[in-house]
Amino acid sequence: VRQIGMFANLDLDYLGRYIVSALVRRDGASLFGSANRWQTYGRASVAWRASEESWFNFDQISDLKFRASVGQAGNRPAFDAQYETFSIGSGGVLTPSQLGNRNLAPEVSTETEIGFDMEILSKYGLTVTHSRNIIDDQLLPVPPPAAAGFATQWRNAGQLTNNTFEVSLNLPLVQTRDLSWSARILYDRTRSEITQLDVPEYFVSAAGQQGSGTMFKIVQGGLLGQIYGREFMRSCSMMPSAFQARCGAGREYQVND
């Protein structure tokens, strides 16, 4: 594995109130497909410490900072993702397993975050954050066309959008010269939606779970982790109309028979 990277970074702080940071990074890696060896990332953030302003006269609020940021990160393909692979059967017979992809690129995550940090009475800390994370060119092991003769192929085939809301409250319980004890209450919620899929919908299994080959459906507009399966008949009214008259006490079909 060979990789190379370079970046330029700038951090600015004015009067301890206005904070700006920016970075641009350029990465190259042999794990990317041979036709796609380079990727550029960037990030930027701003923060404003309102409590440092001369007009801020709220004695109960010890510190108040508003912040916003946007940043990118990449996830590299696995070592063998860009290559064709085969399994060797009895007698040395080669069976196609994975179709190669010379155009394979890293998946790129772009996250936008806004929030604020507040300290109340120099004791209690409150943090509120909302973030939206969009993962483009998502790396997925998708079924190629049957004519290819292979079972799977790694492709940049989708987009995943995550929305996260988080609130945390820090409570000092004991604060003495010899003992410091605090507790943190945290709430967060994340929803992950498949907002783009460049291949036909397909099923994936839960890793290591026997019989789960058709448990999770990858489909545009669906939530990541949605479970698909069979629905069991729980009443006579759920049966096809031709069978409803033959269902009930003393008939051919009965609940829990």
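A quick note: this is a predicted structure, and the numbers were derived from the prediction, not measured.
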How far apart are the closest heavy atoms of [X] and [Y], and which atoms are they?
X: Ala151; Y: Pro144; answer: O-CD, 3.5 Å
X: Phe150; Y: Ser97; answer: CD2-N, 3.6 Å
X: Tyr41; Y: Pro106; answer: OH-CG, 3.8 Å
X: Arg234; Y: Val255; answer: O-CG2, 4.2 Å
X: Pro172; Y: Tyr124; answer: CD-CD2, 3.6 Å

In a check of side chain to side chain contact (heavy atoms under 4.5 Å, CB included) between Leu126 and each of Ile61, Asp117, Leu64, Val167, which one passes?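 Between Leu126 and the candidates, side chain to side chain contact (heavy atoms under 4.5 Å, CB included) is satisfied uniquely by Val167.
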
In Å, rounded to the nearest 0.5 Å, how long is the span from [atom1] of [X] to [atom2] of [Y]?
X: Ile4; Y: Trp38; atom1: CD1; atom2: CH2; answer: 5.0 Å
X: Leu224; Y: Asn162; atom1: CG; atom2: CG; answer: 8.0 Å
X: Glu193; Y: Leu160; atom1: CD; atom2: CG; answer: 9.0 Å
X: Thr129; Y: Asp188; atom1: OG1; atom2: CG; answer: 10.5 Å
X: Ser54; Y: Leu15; atom1: OG; atom2: CG; answer: 10.5 Å
X: Ser168; Y: Ile185; atom1: OG; atom2: CD1; answer: 10.0 Å

Polar contact flag, side-chain donor to acceptor under 3.5 angstrom, Asn133-Ser109: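 Yes, a side-chain donor-acceptor pair sits under 3.5 Å.
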
Expected output: side-chain [X] to main-chain [Y] donor-acceptor under 3.5 Å:
X: Glu107; Y: Asn75; value: no
X: Asn36; Y: Ala105; value: no
X: Gln244; Y: Ser237; value: yes
X: Gln72; Y: Gly42; value: yes
X: Gln82; Y: Ser30; value: yes

Side chains of Asn103 and Asn156: closer than 4.5 Å at any heavy-atom pair? no

Show the numbers, then the answer: is there a side chain to side chain donor-acceptor pair (under 3.5 Å) between Thr152 and Gln98? CA-CA 5 Å; Thr152 187; Gln98 176 181 286; 5.9 Å; no

If you measure from the Lys or Arg side-chain nitrogens to the Asp or Glu carboxylate oxygens, is any gap between Glu111 and Arg43 under 4.0 Å?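 Answer for the salt bridge query: no.
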
Charged N to carboxylate O below 4.0 Å: is that the case for Arg25 and Asp27?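 Looking at Arg25 and Asp27, the cut-off is met.
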
Where does the angle between the aromatic ring planes of Phe165 and His130 fall among parallel (under 30°), tilted (30 to 60°) and perpendicular (over 60°)? tilted

Relative to the ring of Tyr228, is the ring of Phe203 parallel (under 30°), tilted (30 to 60°) or perpendicular (over 60°)? perpendicular

Would a single hydrophobic cluster contain both [Y] and [X], if residues Ile, Leu, Val, Met, Phe, Trp and Tyr are joined by side-chain heavy-atom contacts under 4.5 Å?
X: Val46; Y: Ile114; value: no
X: Val20; Y: Val24; value: no
X: Leu121; Y: Leu171; value: yes
X: Met215; Y: Ile218; value: yes

Please evaluate residues Thr195 and Gln159 with respect to the criterion side chain to side chain donor-acceptor pair (under 3.5 Å), reporting the C-alpha separation (whole Å), side-chain torsions for both, the decisive distance (0.1 Å), and the verdict. CA-CA 6 Å; Thr195 46; Gln159 181 189 80; 2.7 Å; yes

